[in-house]
Amino acid sequence: MLSFKKKSIFELKRVRKVFKKEDEQELLVLDNINFRIHEAEIVALLGRSGCGKSTLLRIIAGLLPCSSGQVFYRGNLVQGPAQGIAMVFQHFALMPWLTVLQNVELGLEANGTPKQERRQRALKAIDMIGLDGFESAFPKELSGGMRQRVGIARALVVNPDLLLMDEPFSALDVLTADNLRSDLLDLWHGDSEKKNSILLVTHNIEEAIVMADRVIILDTNPGHVIAELKVPLAHPRDHQSPEFLKLVDQVYTYMTSPSALASQFEAPETIDLGYRFPDASISELSGLVETLAELQKDQAVDLPLLASEFSLDIDDLLPLTEVLDILDLATEASGDIKLTDAGKAFAEADILDRKKIFAEHLLKHVPLIKYIYDALHEKENHRVAKKHILEHLEEYLSASDARRVLKVIIEWGRYAELFAYDDKSGELNLENPE
């Protein structure tokens, strides 16, 4: 009941973001985003790469305007950077020519805080974040974890209403990240007078459940909210407790079973010529199929268990499971994955038969592969310039996405021996397969 009495710090209403592409085309990145952030709470914004999390964070920070919709801070329409909002970046963003103390003072200096006051406040923040004794050190003298502590101290010293954190632990090793998360939570929960809140962008499910009071889950193409999950667990949270594991499993279910939410949200898009396939190498896909064949024993494999077993987060695991699902080599639902009969046959086959199975499923389930394959057979010389495929793809995707997707597609097609590619001429051809 208490959560309903908390004041709202921030609110997004029907936020939409469109980027202009070449030739006046538009790329819809975010669509119909609606949520609030209340006083004294930690909210995690969770989603796989490409769902627009960082773009949304920059809209909230006032660094990027939304294309439509409204953004309110303390009831006022946001029209640029707000005074009560601070941000911690993924890659530290420290000034290398300034000392730790000078870096922490930057925000206060920009706010016009008198020199003596900002020095006292900066020293207190440095001590609070565990860097006492390093005031005169330069960033190059610090480890990654220490540099991120400086970034956090610089954000906290201005005493923000809302602290925005853009994947602040993803550039750190596992132990350093765990330590810094714990210290930040201890610091935040140790202030009984706190009114400020944290909005954490992450693609790490366990990190979201460890830190947040609420988890807002985004899906891709375009980025939109598919679920909002409360985390009613006391701190510190036990990663191995049944309650924690149940929440992790629930998030995986939301992220892998959009059809389960069909009563509230639109069904996922169909696979068309311009589908934004994720990066998934043949070796990774083959390795996952082999692993599933060993683990499942005719039973579905729990995705959280699979991720934990191989130390994978959603940006590592879900692109692979998505591709296996699209190719009908595995089925993914309710946070579980299971090989199809074709997937089992692939796992048991030798290299030549694997290529044949993969080729059959590519032609059946990936329209871009079929488009290239048919175009090559229609040409007298059985050659098509890569640039022509790219130009066609760019009718659907941004130039950078088109290049990335085509690189993936070429790797798959070469492995399946459906076509070859000559990097010198920049042409796809049928010479090697034939």
Side-chain angles (χ1 to χ4, degrees), residues 1-4 6 35 37-38 40-48 53 130 145 152 163 165 167-170 172-192 194 197-219 225-257 260-261 291-292 295-297 299-318 321 332-338:
M1 295 296 291
L2 290 176
S3 62
F4 292 101
K6 289 180 180 179
F35 65 82
I37 303 168
H38 302 100
E41 74 168 345
I42 300 176
V43 177
L45 198 59
L46 178 68
R48 59 178 94 179
K53 303 186 299 294
I152 293 171
L163 178 61
M165 308 187 81
E167 302 198 23
F169 313 111
S170 63
L172 306 175
D173 64 81
V174 173
L175 293 177
T176 301
D178 282 344
N179 183 254
L180 193 49
R181 281 189 209 102
S182 297
D183 286 351
L184 180 62
L185 285 170
D186 289 344
L187 184 65
W188 193 81
H189 286 289
D191 183 3
S192 60
K194 68 178 184 297
S197 296
I198 296 174
L199 178 62
L200 169 73
V201 162
T202 182
H203 60 255
N204 186 313
I205 293 175
E206 285 75 14
E207 179 174 275
I209 303 299
V210 162
M211 296 195 67
D213 302 305
R214 279 190 298 137
V215 179
I216 294 169
I217 305 169
L218 298 184
D219 201 0
V225 177
I226 57 170
E228 186 173 318
L229 184 68
K230 289 184 180 179
V231 185
L233 304 179
H235 288 277
R237 292 171 179 167
D238 179 3
H239 292 236
Q240 301 304 318
S241 72
E243 296 81 9
F244 186 96
L245 295 174
K246 182 178 179 181
L247 286 168
V248 170
D249 197 60
Q250 193 172 348
V251 172
Y252 269 101
T253 298
Y254 282 128
M255 297 189 75
T256 59
S257 303
L261 304 171
T291 299
L292 290 171
L295 291 178
Q296 76 175 42
K297 309 300 181 188
Q299 298 293 322
V301 177
D302 186 50
L303 282 175
L305 177 64
L306 188 64
S308 175
E309 191 82 15
F310 294 94
S311 299
L312 299 172
D313 61 31
I314 55 174
D315 272 358
D316 299 318
L317 180 60
L318 294 192
T321 62
E332 190 181 29
S334 302
D336 295 331
I337 186 168
K338 185 176 182 180

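Values below: every heavy atom of this structure, side chains too, minus hydrogens, waters and symmetry copies. FYI, the numbering just counts along the sequence from 1.
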For this session: State which residues pass side-chain hydrogen bond (donor to acceptor under 3.5 Å, both in side chains) with Asp238; sequence neighbours excluded, sorted by chain then number.
Result: none

Exercise. Which residues satisfy the side-chain contact (heavy atoms from CB on, under 4.5 Å) test with Val201, sequence neighbours excluded?
Worked result: Leu45, Lys53, Leu57, Asp166, Glu167

For this session: Quick one: list whatever passes salt bridge (Lys or Arg N to Asp or Glu O under 4.0 Å) with Asp316, sequence neighbours left out.
Result: none

Exercise. Is there a side-chain contact between Val215 and Leu247 (heavy atoms, below 4.5 Å)?
Worked result: no

Problem set entry | Straight-line distance of Leu46 CG to Ile209 CD1, nearest 0.5 Å | 7.5 Å

Problem set entry | Residues that Glu243 engages under side-chain hydrogen bond (donor to acceptor under 3.5 Å, both in side chains), provided they are two or more places apart | none

Exercise. Considering all heavy atoms of both residues, which atom of Ala208 and which atom of Thr202 are nearest to each other, and what is their separation?
Worked result: CB-CG2, 4.0 Å

For this session: Output all residues satisfying side-chain hydrogen bond (donor to acceptor under 3.5 Å, both in side chains) with Asp178, sequence neighbours left out; order by chain, then residue number.
Result: Arg181

Exercise. Under the ring-ring contact (aromatic ring centres under 6.0 Å, His included) test, which residues partner Phe35, sequence neighbours left out?
Worked result: none

For this session: Output all residues satisfying side-chain contact (heavy atoms from CB on, under 4.5 Å) with Ser182, sequence neighbours left out; order by chain, then residue number.
Result: none

Problem set entry | Any side-chain heavy-atom pair of Met211 and Trp188 under 4.5 Å | no

For this session: Could I get the full list of salt bridge (Lys or Arg N to Asp or Glu O under 4.0 Å) partners for Arg214, not counting sequence neighbours?
Result: Glu41, Glu228

Problem set entry | Nearest atoms (heavy-atom pairs only) where Glu207 meets Phe169 | OE1-CD1, 3.2 Å

For this session: Identify the two heavy atoms, one from Ile226 and one from Leu218, that lie closest to each other, and give their separation to 0.1 Å.
Result: CG1-C, 4.5 Å

Exercise. Of the options Ile337, Asp336, Leu295, which is the one that meets Asp302 in a side-chain contact (heavy atoms from CB on, under 4.5 Å)?
Worked result: Asp336

Exercise. Closest heavy-atom contact between His235 and Val210?
Worked result: CE1-O, 3.0 Å

Seminar exercise, completed: One should read off an interatomic distance between Leu184 CG and Ile198 CD1, to the nearest 0.5 angstrom, of 5.0 Å

For this session: Might you point out which heavy atoms bring Gly145 and Leu180 nearest each other, and give the distance in Å?
Result: O-CD2, 4.2 Å

Exercise. What distance do Asp213 atom CG and Leu233 atom CG have between them, rounded to the nearest 0.5 Å?
Worked result: 10.0 Å

For this session: Kindly write out the residues that satisfy side-chain contact (heavy atoms from CB on, under 4.5 Å) with Leu245, not counting sequence neighbours, or none if the list is empty.
Result: none

Exercise. When rounded to the nearest 0.5 angstrom, what distance separates CD1 in Ile205 from CG in Leu317?
Worked result: 8.5 Å

Exercise. Does a side-chain heavy-atom distance below 4.5 Å link Leu318 with Glu332?
Worked result: yes

Exercise. Can you name the residues that form a side-chain contact (heavy atoms from CB on, under 4.5 Å) with Lys338, not counting sequence neighbours?
Worked result: Gln296, Ala300, Thr331

